[in-house]
Amino acid sequence: MLRTDLDHSMHTREDCPPVRWRVSDALVGYEDAVAEMEHQVGLIADGKADELVWLVEHPPLYTAGTSADAKDLIEPDRFPVFATGRGGEYTYHGPGQRVAYVMLDLKRRRQDVRAYVAALEEVVIRTLDSMNVKGERREDRVGVWVRRPDRPQLPDGTVAEDKIAALGIRLRRWVSFHGLSINVDPDLTHFTGIVPCGISAYGVTSLVDLGLPVMMADVDMRLREAFEDVFGPTISEN
């Protein structure tokens, strides 16, 4: 079954508490973020804390997922590079990109990793749709893509596409961490230091690059609404 055809609803049982929703205003170092995720995932898995979504921006950096190929790191000295336990290949994080670290207990939802990935994609697609941007899945590449008919066609004659959101997850004791990133207004030239997600045939875009001068807070509001549609209620932590 295609990810598009899966049931994208991942709500918890009615007796489960809402997901904590945390937003960090200052830039968060990557190692600090990973340490906090590790801590929170342990608490959630042990039943000592409720689930958490944490929205951050990072200083410019590259991360290497478990499938990263060294040849895809084109400029290894450009920004710090961090090996990470999430799935996927190389990606970029930096100011102007909204990163959502999603720490959910799939035992309270559905223990189906493929459905969980599709649900995260659905959150992004609904977020974009609320801004009249059509985001799409591709079965052969995880993430969310937008068609670019304004650009030259690809060598095979198909419409050019750009990636606007990346996904990378990891599970421990059925609790998820890492998550997704949406390009709001990052410096797109920073992506040229890597082959993003190991895919060289397509480009990278952002909401501002598509002509939408949106603020991060507006994207956050729409992202939260889309998350609640797919995963259920949230409660502000700060």
Side-chain angles (χ1 to χ4, degrees), residues 3 6-58 61 63-68 82-89 91 93 97-124 126-127 142-144 165-182 197 220 223-238:
R3 292 199 310 281
L6 294 171
D7 178 4
H8 299 135
S9 176
M10 294 284 285
H11 285 235
T12 59
R13 304 182 306 271
E14 290 186 2
D15 61 335
C16 291
V19 177
R20 291 176 291 151
W21 193 267
R22 178 190 299 179
V23 182
S24 290
D25 295 327
L27 295 180
V28 176
Y30 187 74
E31 291 175 312
D32 293 335
V34 171
E36 175 65 3
M37 275 194 290
E38 295 272 358
H39 175 65
Q40 292 292 333
V41 165
L43 293 176
I44 294 166
D46 290 338
K48 297 177 179 177
D50 296 332
E51 298 170 303
L52 173 66
V53 172
W54 182 23
L55 304 188
V56 307
E57 289 178 82
H58 288 304
L61 59 93
T63 65
T66 54
S67 302
F82 297 94
T84 178
R86 62 159 175 80
E89 303 182 49
T91 193
H93 294 312
Q97 181 191 72
R98 174 52 84 207
V99 177
Y101 289 125
V102 184
M103 290 157 267
L104 303 180
D105 186 351
L106 298 193
K107 297 190 299 297
R108 308 180 194 178
R109 299 172 182 273
R110 268 191 292 156
Q111 291 172 263
D112 185 330
V113 176
R114 196 159 173 265
Y116 175 62
V117 170
L120 288 179
E121 290 174 332
E122 184 68 16
V123 169
V124 175
R126 293 187 185 204
T127 301
V142 173
V144 178
L167 276 76
I169 69 164
R170 184 179 179 185
L171 296 178
R172 180 177 297 154
R173 296 161 62 190
W174 286 103
V175 178
S176 67
F177 53 125
H178 298 283
L180 61 89
S181 61
I182 301 175
C197 301
D220 289 349
L223 179 64
R224 186 171 185 173
E225 291 172 352
F227 178 89
E228 291 183 333
D229 287 343
V230 176
F231 287 100
T234 65
I235 185 168
S236 296
E237 190 178 70
N238 52 359

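None of the values given here were measured: they were computed from a predicted structure. Index from 1, following the sequence.
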Worked verdict on Glu57 versus Arg98 for side chain to side chain contact (heavy atoms under 4.5 Å, CB included): CA-CA 6 Å; Glu57 289 178 82; Arg98 174 52 84 207; 3.8 Å; yes
Check: [Y] and [X] side chains under 4.5 Å, non-hydrogen atoms:
| X | Y | value |
| --- | --- | --- |
| Val175 | Glu51 | no |
| Arg172 | Glu38 | yes |
| Met10 | Leu104 | no |
| Glu237 | Leu52 | yes |
| Val19 | Met103 | no |
| Val99 | Val28 | no |

Give, for atom [atom1] of [X] and atom [atom2] of [Y], the distance between the pair rounded to the nearest 0.5 Å.
| X | Y | atom1 | atom2 | value |
| --- | --- | --- | --- | --- |
| Leu106 | Ile169 | CG | CD1 | 7.5 Å |
| Arg126 | His8 | CZ | NE2 | 8.5 Å |
| Leu171 | Phe177 | CG | CZ | 8.5 Å |
| Leu55 | Arg22 | CG | CZ | 10.5 Å |
| Leu180 | Thr127 | CG | OG1 | 8.0 Å |
| Ile44 | Arg173 | CD1 | CZ | 11.0 Å |

Test side-chain contact (heavy atoms from CB on, under 4.5 Å) applied to His39 - qualifying residues, sequence neighbours left out: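 Glu36, Leu43.
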Gln111 CD: over 12 foreign heavy atoms closer than 6.0 Å: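 Yes, because the 6.0 Å sphere around CD of Gln111 holds more than 12 heavy atoms from other groups.
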Closest heavy-atom pair and its distance - [X], [Y]:
| X | Y | result |
| --- | --- | --- |
| Val124 | Ala165 | CG1-CB, 3.6 Å |
| Glu89 | Ser67 | CG-O, 3.6 Å |
| Trp174 | Val113 | CZ3-CG2, 4.0 Å |
| His178 | Thr84 | CE1-OG1, 3.0 Å |
| Val230 | His11 | O-CD2, 3.1 Å |
| Ala49 | Gln40 | CB-OE1, 4.5 Å |

Set of residues satisfying ring-ring contact (aromatic ring centres under 6.0 Å, His included) with respect to Phe227, sequence neighbours excluded: Trp21, Phe231
Set of salt bridge (charged side-chain N to carboxylate O under 4.0 Å, His left out) partners for Asp105, sequence neighbours left out: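 In terms of salt bridge (charged side-chain N to carboxylate O under 4.0 Å, His left out), with neighbours along the sequence ignored, Asp105 is linked to Lys107, Arg108.
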Exam field: side chain Arg110 to backbone Ser9, donor-acceptor pair closer than 3.5 Å: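 Pair found, side chain donor or acceptor close to backbone of Ser9.
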Ring geometry between Tyr101 and His58 (parallel below 30°, tilted from 30 to 60°, perpendicular above 60°): tilted
CA sep, side-chain torsions, deciding dist, call: Tyr116, Val102, side chain to side chain contact (heavy atoms under 4.5 Å, CB included): CA-CA 11 Å; Tyr116 175 62; Val102 184; 3.4 Å; yes
Stepwise side chain to side chain contact (heavy atoms under 4.5 Å, CB included) test for Val23 and Asp220: CA-CA 9 Å; Val23 182; Asp220 289 349; 4.2 Å; yes
Residue among Thr91, Val34, Leu167 satisfying side-chain contact (heavy atoms from CB on, under 4.5 Å) with Arg86: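 The side-chain contact (heavy atoms from CB on, under 4.5 Å) with Arg86 is passed solely by Thr91 among Thr91, Val34, Leu167.
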